[in-house]
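A quick write-up on the structure given underneath.
One-based numbering, in listed order, for ligands and for the atoms of each.
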Amino acid sequence: MKIKLSSTRSCIIIIVSALWIAPHCWAQPSQAQSVVISVETAGNALVLQSDKNKDLKTIYFGKRLSDAGEYGNIPGIYRQPDDPTGIFNSAYTPSGSRNLVEPAISVTHADGNNSLDLRYLSHQVTKISDDISLLTIRLKDPIYDFEVTLYYKSWYKEDIIEQWSVLRHKEKGNVILHKFASANLYLKAESYWLRQYHGDWVKEMQPEESKLTHGIKTLDTKLGTRADLFQPPVFMVSLDRPAGEDEGTVLYGAMEWSGNFRFDLEVDPQDNLRIIAGMNNYASPYTLAPNEDFTTPPFLYTLSDKGKGAASRKLQQWARNYQIPDGKGSRLTLLNNWESTYFDFNETKLAELLKDTKKLGVDLFLLDDGWFGNKYPRNDDHAGLGDWQENKNKLPNGIASLVKEAQNDGVKFGIWIEPEMVSPKSELYEQHPDWVIKQPKRDEYYFRNQLVLDLSNPKVQDFVYGIVDGLFTKNPDLAYIKWDCNAVIYNAYSAFLKDQSHFYIDYVRGLYKVLEKIRAKYPKVPMMLCSGGGGRVDYGALKYFTEFWPSDNTDPIERIFIQWENSYFYPAITSSNHVTDWGKQPLKFRTDVAMMGKLGFDIVVSQLNPQDLEYCQNAIRTYNAVKAIIWQGDQYRLSDPVTSSIASVLYLDSAKTSGVIFNYLVNNRYDAGSKLPILLKGLDPAKKYRITEIDLYPGTQSTIGAGKVYTGDFLMNIGFNPEVHAGRTSVVLKLEAV
Ligand code: DGJ
C-alpha cells in the first residue's frame, strides 16, 4: 500500500503536521494551505483533501490514477448544485455547526453545548509491512478541546481498507457522545444500487437489491446479542447499475462488530452517496471522561471495478491472510450429534457415536448441547445453561473419559458451549441473579427460554473465560469448541453498570475481552461461531473464530443460496457445512453442497445403508484430496442459482493448475438442466486442462467424456457442460492442468 501526500506547495513527503492555529485564525485563507492525502491500493485510491478552511473532505474514491498529482483536479470538474454547507463530503461529518445532513459524530460538550466542528490538524503514515500501511489523521474542534483521530489501515495487494476512529477530549467535565461512526464514505455516480440482506432463524442471508433514492436508508440492528439475526452487518453498493459477477463497480462494506451496528446510506441534495457506518447509537449515548479514548470498531470495505467476483476474491484472500485465526491452516472434518440425539444421550450412546466417527472417516466427534447441569439437568432447552458441570446421569465419568475414549478410537473430541447464556432454571441464576441481564422492576422475557449474562461485568467475563479455560485445563486434548449464542437481549439492563446507556457497547467489548484472553492462551484451537444458526457472523467475531455456522437450515437447496450469498463476503474455509437429513435431495447432493466449505456430518451413521455408508466414506476421502483447493483457492461463481436453474462454483488454486467445480440443479421445472455449457473463469488460457467427474455415488457412471482435454481458452470462451439434469442433480468436477 502506498500513501502519498501532495500539497499545493510542498512536495511528496510521508509525515505532515500542520501547526495548530488559534481558533480565530481558522477561516483566514492567507494562513491556510490545501493538503491532499491519498490512500492508494493496487486498484483504488481514496483521496481526502483538507481545504483552505481545514475542512477534511473526500474528493475521490475510485480507480487509482497513474498520476497521483491529478487527484487534486477532481473536484474542479464537477458541475453539481452548490453545497450550502461546504461539507456534504466531509471525511467525518460533525453536527450542530454548519452541517445539514446525517452526521458521523454528534456530542454534547462539558458545558452543555451541542455543536461540533472538526478541522484538519495533522496526519501521519506508518508502514506496517510491504502490504500494510496505517494512515492516521487528527481532526480538532477549533473552539472546544475535542479531537477525533481517523484511522485508515490499508492492504495494498488486497485493495482492502479498515477504517475506525478514536474520540478524546480535554474539556472540564464529561462529554456525551451521541453518534460515533467508524467511517464516513462518499461516492459519486449517476445512481446507486444497494444489495442488502435480511433473515431470521433458518432463513439467513436473503438478498434484496434496490436503487437508493434521495434521503437516508438505514440498515441496523438493535438485538444486542445474536445481533444479525434479522440484519447481517454486510452490504454492497454498485455504482450506475447493479454490478455483475465480472463487470461493474461495486463497494462491499462490513462492520467488524458483534453487537448493534448501523449503516446510513444517504443520497444527498447533490446526488452523491454518503455512507456512515459504525456501532448503533440506539439507546447508547456514551459518557466520555477527559483524556479517555473512545475507540470505534473497524468498518471494512473494498471497491472493485471488475464486479462482485473480484471483490469477493480480494476480501476472501484478506480474511484468510490477515483476519481469521489459522486462515491459511487446516480444519477438522467432524460428526456432530445434535440432530441424531438432541438432548437424549448417555455414555453408551456416545461410545457408539465415537466408533461411528471413526467408521465414517472424519477427524472429530462434536458433542452438542445437553451434557451439563445437575440440579437442573439440561434435558431440553428450558434448564441448565450456566451450570457447566457434566450431568452425572448422562456422563458419570465426565468429559475426560469421553476425550480418552475418542483417542482410543483414533478420533478427536470437541464440545458445544453457550457460555454467555443462563437458564432461569439454573444454579447460576440462583447464585448470581445480578449477573443476568434483566430489568429490576419488570417481568422477565425470554428468547428460547433463556436470558443473557451481563458481559459488561468483569466478574461475568472471568466466569465465561473460566468455562473455556476450565474445559481445556481439565481436558488438554479437547480439540474443538462450538460456541453457541441463542438469545437476543430483551430488557437491557446491567446491575453492574452505573451508566445504562453504555450497556450495548460494553457488552460487546466485554465479549471481546474474553475472546482475546481465550485466544492469548489457546491461539490454535478451532472454534465454531454459532448463533442459533447464523445470527452472529461478522468480521469482528471472526478474529477469534476459525469458522461459523451459516444456518440451522441444512436443506441443501436452501444451503446453496445461503452459502452463495455468504460467499460474497466470507471464504469457504470459514463456512461449516453439515450433511443432515434435511431436504428431499439424495445423500450425494447433500454431501456435495456441504463440501463447498468445511465438511461435517450430523446424521445417524448406524442407520446408513451399506451403499450410503460406502458413498460417505469415499466422499470424505475425495474431500480430503481437494479440500486445500476449496479452502485456499480462488472462488469463481460461474452460474447464479438466483437467475438460473444451475448453481455452479469453481475453486481454483493460485497456480491455476487444479480446481474443483460444484454444479447443482436448483429448479427442475420445464426439463431444466445445463442446456448450455458453463463458462469457466480464472484459468490460464494457454494451459490444457483435463476434466474428470469425482464424488460419484457407488454404482453410477459419469456421463461426461472421461479424460478429455481442453485449453483454458476453450473452457473460458466456449465452456464445459457438466450435464446436470433431473437424473444428475449434483455433479462435482476435478480440473487438472496436464
Ligand atoms: C442452535 C445451533 O444452531 C444448533 O446447531 C445446536 O447446537 C443447538 N443450538 C443446540 O441447542
Q) Going by an N to O cut-off under 4.0 Å, is there a salt bridge joining K543 and E256? A) no

Q | Output field: ring centroids F343/W338 closer than 6.0 Å | A | yes

Q: Compute the minimum heavy-atom distance from E418 to ligand 1 and say whether it is under 4.0 Å.
A: no

**Q.** Cation-pi, W549 ring and R559 (6.0 angstrom, 45 degrees)
**A.** yes

Q | For W416, atoms of ligand 1 separated by under 4.0 Å from a heavy atom | A | 7 (O), 10 (C), 11 (O)

Q: Please name the pair of heavy atoms, one in A492 and one in I437, separated by the smallest distance, quoted to 0.1 Å.
A: CA-CG2, 3.9 Å

Q) Salt bridge between D387 and K375, side-chain N to carboxylate O under 4.0 Å? A) no

Q | K355: which of L350, V605, D409, L360 passes side-chain contact (heavy atoms from CB on, under 4.5 Å) | A | D409

(Q) I want to check a possible cation-pi pair here: K588 against Y697, using under 6.0 Å from ring centre and within 45° of the ring axis as the test. (A) no

Q | C530 neighbourhood, listing ligand 1 atoms whose heavy-atom distance to it stays under 4.0 Å | A | 2 (C), 3 (O)

Q) Which residue owns the protein heavy atom closest to atom 7 (O) of ligand 1, what's the atom, and how far is it? A) D368 OD1, 2.7 Å

**Q.** Proximity of D381 to ligand 1 by residue part, where a heavy atom lies under 4.0 Å
**A.** neither

Q: Would you mind running through ligand 1 and noting each atom that sits below 4.0 Å from a heavy atom of G533?
A: 3 (O)

Q. When the aromatic ring centroids of F503 and Y493 are compared, is their separation below 6.0 Å?
A. no

(Q) Under a 4.0 angstrom heavy-atom cut-off, which atoms of ligand 1 come close to D552? (A) 1 (C), 2 (C), 3 (O), 4 (C), 5 (O)

Q) Please state which protein non-hydrogen atom is closest to atom 5 (O) of ligand 1 and give its distance, to 0.1 Å? A) K482 NZ, 2.8 Å

Q.
Given N336, D369, D484, identify the one with the heavy atom nearest to atom 2 (C) of ligand 1.
A. D484

Q) Does ligand 1 have any atom sitting under 4.0 Å from a heavy atom of R448? A) yes

Q: Below 4.0 angstrom from a heavy atom of W549, which ligand 1 atoms are there? Numbered from 1 as shown, please.
A: 3 (O), 5 (O)

